[in-house]
Amino acid sequence: MMALVSYSSSEDDEGETTEPPGRFLPPLPPPTTVLRMFQDREDDEGLDDRTKHGGRIRSFTHERGNWATYVYIPFQPQDEFLDLVDELLSVAAEHGVFLTKMSEFHISQSQTVVLRHHWINPFIESLKDKLHCMYRFLCIADRIKVYTNQEKTRTFLGLEVSVGSEHLLEVVSEVDQSLKEFNLQTFYEEPSFHMSLAWCVGDKAGKLEGSCLVELQKVIDRFEDSDILTRFNAEEIRCKAGNKTFCIPLL
């Protein structure tokens, strides 16, 4: 915004203003209502800045008004679980793979899809309509496994679900129905339900599999109370669209 110049309402006989010529007042801040109009756009546009997400490459081109959206079941870790992840990362580093711990943990119930901004609320209502009658269920994720994204640009270390897969399939089935209503891509036909623990850029699956994977599984099996740390009750379904998160509690 350009700075404002202050002029008097009238001039004296010599044509001079009451303020010294060239004197500027401080710029006025934009009204709060104007700032709010652009807040969501700025947050959404920031999704395309690689410096904000560790150099990861987007799997689709970002366009204004498009919101990256996915459905998931959250996992709230105990401090001991984070210690377990740290130990796994140390073993991976010994094999030359340096992983970054996930900032949050969850089990995906959809792929990441693109929603237009005006579709978000109708999509959430569709999810609520299909999921609100579902009951809570137990999940155990205790089998170490290596994953890569479809483009092979990222590698993930995860814990595969060993108990609760049938319930997760029921959730996915309902989520898929909502996705179809908006002509969006559904989940994988034969999903490997898992909770990602850490990631790195590039395809490092070859280094993590084999003897390294055996060592990693031994860390989990020998870790104190690992059977408790890797189990949890799925109590809600969440959907994240851009910078907005929606929660659907289970019965």
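Just so you know, residue 1 is the first one in the sequence shown, and it goes up from there. Remember, it's a predicted structure, so these values are computed and weren't measured experimentally.
- Side-chain contact between P74 and E104 is absent, with no heavy atoms from C-beta onward closer than 4.5 Å.
- Taking 4.5 Å as the limit, some side-chain heavy atom of L131 sits within range of a side-chain heavy atom of V175.
- Atom-to-atom distance recorded for L127:CG and F246:CZ is 10.0 Å, nearest 0.5 angstrom.
- Following chains of ILVMFWY side-chain contacts shorter than 4.5 Å, one can reach L169 starting from F187, so the two form part of one hydrophobic cluster.
- Using a 4.5 Å heavy-atom cutoff, the side chains of I73 and F137 are in contact.
- The CG atom of L159 sits 4.0 Å away from atom CG of L197, with the distance rounded to the nearest 0.5 Å.
- Closest of all the heavy-atom pairs between R116 and R64 is NH1-O, 3.6 Å.
- Note on L138: it does not cluster hydrophobically with M195, by side-chain heavy-atom contacts below 4.5 Å among ILVMFWY residues.
- In this structure, OH on Y135 lies 8.0 Å from SG on C133, to the nearest 0.5 angstrom.
- Distance CG/L115 to OG1/T69: 4.0 Å, rounded to 0.5 Å.
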Show every donor-acceptor pair shorter than 3.5 Å between a side-chain atom in residues 228-242 and any protein atom, with sequence neighbours excluded, or say none if there are none.
unit_1	atom_1	unit_2	atom_2	d
T230	OG1	S226	O	2.7
R231	NE	D227	O	3.2
E236	OE2	R238	NE	2.6
E236	OE2	R238	NH2	2.7

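- For the ring-ring contact (aromatic ring centres under 6.0 Å, His included) test, residues two or more places apart in sequence or in another chain that qualify with Y147 are H194.
- Under the side chain to side chain donor-acceptor pair (under 3.5 Å) criterion, R136 pairs with no residue, sequence neighbours left out.
- Between V171 and M134, the shortest heavy-atom distance links the atoms CG2-CE, 3.8 Å.
- Remark: K130 engages E181 in a salt bridge (charged side-chain N to carboxylate O under 4.0 Å, His left out) (not counting sequence neighbours).
- Remark: H106 engages Y70, Y72 in a ring-ring contact (aromatic ring centres under 6.0 Å, His included) (not counting sequence neighbours).
- With sequence neighbours left out, the ring-ring contact (aromatic ring centres under 6.0 Å, His included) criterion links F193 to no other residue.
- Among residue pairs with one or both ends in residues 201-225, none qualify as ring pair (Phe, Tyr, Trp, His ring centres under 6.0 Å); sequence neighbours excluded.
- Side-chain contact between V161 and I140: absent, with no pair of heavy atoms (C-beta onward) separated by less than 4.5 Å.
- Note that the CD atom of Q111 and the OG1 atom of T186 stand 7.0 Å from one another [nearest 0.5 Å].
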Can you give each donor-acceptor pair under 3.5 Å made by side-chain atoms of residues 207-220, sequence neighbours left out, with the distance rounded to 0.1 Å?
unit_1	atom_1	unit_2	atom_2	d
E215	OE2	H95	NE2	3.1
Q217	OE1	I144	N	2.8
Q217	NE2	D142	O	3.2
Q217	NE2	D221	OD1	3.1

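- Side-chain contact between C200 and T100 is absent, with no heavy atoms from C-beta onward closer than 4.5 Å.
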Tell me which donor-acceptor pairs under 3.5 Å the side chains of residues 75-92 have, and how far apart each pair is, sequence neighbours excluded?
unit_1	atom_1	unit_2	atom_2	d
D86	OD1	K101	NZ	2.8
S90	OG	D86	O	3.1

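- Within the 4.5 Å cutoff, side-chain heavy atoms of S110 are placed close to those of L179.
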> Hey, mind stepping through W67 and I120 against side-chain contact (heavy atoms from CB on, under 4.5 Å) and telling me if it holds?
Replying inline: CA-CA 8 Å; W67 291 58; I120 294 176; 3.8 Å; yes
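- Take E189 and apply the side chain to side chain contact (heavy atoms under 4.5 Å, CB included) test, not counting sequence neighbours, and it matches no residue.
- Nearest heavy atoms, S192 versus K145: OG-NZ, 3.7 Å.
- Residue pairs meeting the side-chain hydrogen bond (donor to acceptor under 3.5 Å, both in side chains) criterion with at least one member in residues 164-178, sequence neighbours excluded, are S126-S178.
- Within the model, atoms OG1 of T153 and CD of Q150 stand 10.0 Å from one another, a figure rounded to the nearest 0.5 Å.
- Hydrophobic clustering, defined by side-chain heavy atoms of Ile, Leu, Val, Met, Phe, Trp and Tyr closer than 4.5 Å, leaves F98 isolated from every other such residue.
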